[in-house]
There are 2 protein chains.
Amino acid sequence: MTDKQPYGTVLIKAARIMDLLASTNEALSLQQISRGTDLTSSTALKILDTLVIIGYVNKDLKTKHFTLGSKLIRYANRFIEQQDLVFVARPFLEELQSKVNETIHLGVPKENGVMYVEKLEPKNQSIYMTSRIGGIRSLYSSAMGKAILAEYGSKELEQYFERTELIPYTAHTITNYLQLQEEIKNIQQVGVAFDDEEMEADCFCVGAALLRDREVVGAFSVSMPKYRLTSAFREKIILEIKKTKMKIEEVLNQ
Amino acid sequence: MTDKQPYGTVLIKAARIMDLLASTNEALSLQQISRGTDLTSSTALKILDTLVIIGYVNKDLKTKHFTLGSKLIRYANRFIEQQDLVFVARPFLEELQSKVNETIHLGVPKENGVMYVEKLEPKNQSIYMTSRIGGIRSLYSSAMGKAILAEYGSKELEQYFERTELIPYTAHTITNYLQLQEEIKNIQQVGVAFDDEEMEADCFCVGAALLRDREVVGAFSVSMPKYRLTSAFREKIILEIKKTKMKIEEVLNQ
DNA sequence: TAAACTATTTCTTATATAGAAAGGCGGAAT
DNA sequence: ATTCCGCCTTTCTATATAAGAAATAGTTTA
């Protein structure tokens, strides 16, 4: 019963500081940081100085205020590239894109939700794209998420229900466990999942999960404004999604 | 002459590990990390364990290999949002976008170059966008960069020349300091900078610097494939860039 | 099954860290 | 201008932590 020797105390404190800096768009003073992290100002300052040296934090020399550093972007870009699902799936998603000409997302399961790791845009819309990559959506309210849920076993699903509250985002969000269970059964039969304005008004999505060795490793979806949805287009998208899913999984499973 | 007390040794070692993990797309073993960073494997492992706890590193439980963690994406997204230049400039860049319908970049000076912090895409092209945001281009070979150089004072410029080798990227890259100086004079007269296939074949850009309190805080540019460039379009772009620069700077300088 | 490698834990010493307190600096108020 | 006040920075030392060698556990190869 010997307690493990503690380690990385400075790292953990540094991470607290980083999280605090990442919790706001404002530049923070030493005081704000030391109060916000329960560190003495001398300790916080020494850690901050080191974080500045390694490029994780920026210090405004005039105001003495701190913000996140630019090195983090390099890390993030590399993180995305290290998700080999992105590498594998991207060419097929591009192909899908060329056929449906709508927004396409790729996501991976993360923290009881699904995290966007790739996004293909169709139009002239100028989008602030980085605000989305890395974003996490709940499983029960998105096409990708429901496609993932449809691959869960029954006890896995039960555990999901236990730990998850079905909060409505729109009037269409499914907030009832029985109804969600019905929906999941339907997805298992049809082979694709839908999001009919359940996350965002006017937004319709069709998605499918991606399995490697019978395990969910991600999901992808096509999203569009609802006014562009005709029943013929809907059928086309379903067909193309199924084809794309097959192609990607073929590669994923060697 | 008392040496400063060392601090943040673990942080710096952790950063070495992070940098190593960010230097490749491969997942790395403990051995590879301990060799690549000159840390003993026990030290490296303890740091890695902590990095996993705080979400900076991912450990594959099967292979025991390490990759970067997903928390870095959150940091990166927030970093972008903390660049308040992005907030200020975006609406004007979107307006510009709607007029020229070509790719628009926004950058900030960083490490003897210019770092992309925003990108507005015009077309149906599916772009792997995160690979660009955060990317750094040299000053002498890009429209944004040369626009920044044109705001340098003469001694500042001399210092830049001293520390910078003019490496050619294409046959059109300016690799001669006198020629570059001529070009800069021209930019100062015309008010915008050009990149005529100097960075990438077939790519033509027009850019301008953004000043706050007479200090360069960024730059933006319009990029297009050269075959779409007519002389009328060129003039239109120059005009629109000048207008956009004025509008953004008006806000930047309150 | 053994051999060879790699990951993990243990243990001890030397070292880095935490935090209080003092000192410095700059902006605000008078 | 001068004082005051708040925040940033430095100093110092007991103490908690880190480093590394070596033992152990685990895994792959032959």
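Chain letters run A, B, ... following the sequence lines, proteins first, then strands; residues in each count from 1. Note that the coordinates shown come from a computational prediction; the quantities given were computed from them, not determined experimentally.
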Nucleotide [N], atom [atom2] - distance to [atom1] of [X] in whole Å:
X: A:Tyr7; N: C:dT10; atom1: OH; atom2: C1'; value: 15 Å
X: B:Leu39; N: C:dT6; atom1: CG; atom2: P; value: 17 Å
X: B:His65; N: D:dT27; atom1: NE2; atom2: C1'; value: 12 Å
X: B:Leu61; N: C:dT8; atom1: CG; atom2: P; value: 10 Å
X: A:Gln32; N: D:dC8; atom1: CD; atom2: C1'; value: 13 Å
X: B:Leu28; N: C:dT6; atom1: CG; atom2: P; value: 14 Å
X: B:Leu30; N: D:dG20; atom1: CG; atom2: P; value: 14 Å
X: B:Lys46; N: C:dT12; atom1: NZ; atom2: P; value: 14 Å

[X] side chain: which of [options] is closest?
X: A:Thr43; options: D:dA19, C:dA18, C:dT8; result: C:dA18
X: B:Lys64; options: C:dT6, C:dA20, C:dT8; result: C:dT8
X: A:Thr9; options: C:dT10, D:dT17, C:dA16; result: D:dT17
X: B:Ser41; options: C:dT8, D:dC8, C:dT10; result: C:dT8
X: B:Leu45; options: D:dA18, C:dT6, C:dT9; result: C:dT9
X: B:Ser42; options: D:dA22, D:dA19, D:dC8; result: D:dA22

message: By the 4.0 Å heavy-atom rule, please label B:Ser29 as base, sugar-phosphate, or nothing.
response: sugar-phosphate

- prompt: What does A:Lys13 touch in the nucleic acid at a heavy-atom separation under 4.0 angstrom: a base, only the sugar-phosphate, or nothing?
  reply: sugar-phosphate

Rounded distance (nearest 0.5 Å) linking atom [atom1] of [X] with atom [atom2] of [Y]:
X: A:Glu249; Y: A:Leu211; atom1: CD; atom2: CG; result: 5.0 Å
X: A:Ile241; Y: A:Thr244; atom1: CD1; atom2: OG1; result: 7.0 Å
X: B:Leu11; Y: B:Arg16; atom1: CG; atom2: CZ; result: 12.5 Å

- request: Please work out which of the three classes, parallel, tilted or perpendicular, describes the rings of A:Tyr75 and A:Tyr56, given edges at 30° and 60°.
  value: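 Rings of A:Tyr56 and A:Tyr75: perpendicular, as their planes differ by over 60°.
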
- request: Establish, with yes or no, whether the OP1 or OP2 oxygen of C:dA7 is under 4.0 angstrom from a side-chain nitrogen or oxygen of B:Lys59.
  value: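 No, because none of the side-chain N or O atoms of B:Lys59 sits under 4.0 Å from OP1 or OP2 of C:dA7.
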
field: Closest-nucleotide ordering on DNA chain D, the 5'-leading residue of A:Thr63 and A:Val10
entry: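 Going by which nucleotide is closer to the 5' end, it is A:Thr63.
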
field: Residue pair A:Glu240, A:Lys243: steps toward the salt bridge (charged side-chain N to carboxylate O under 4.0 Å, His left out) verdict
entry: CA-CA 5 Å; A:Glu240 292 300 336; A:Lys243 286 204 280 188; 3.7 Å; yes

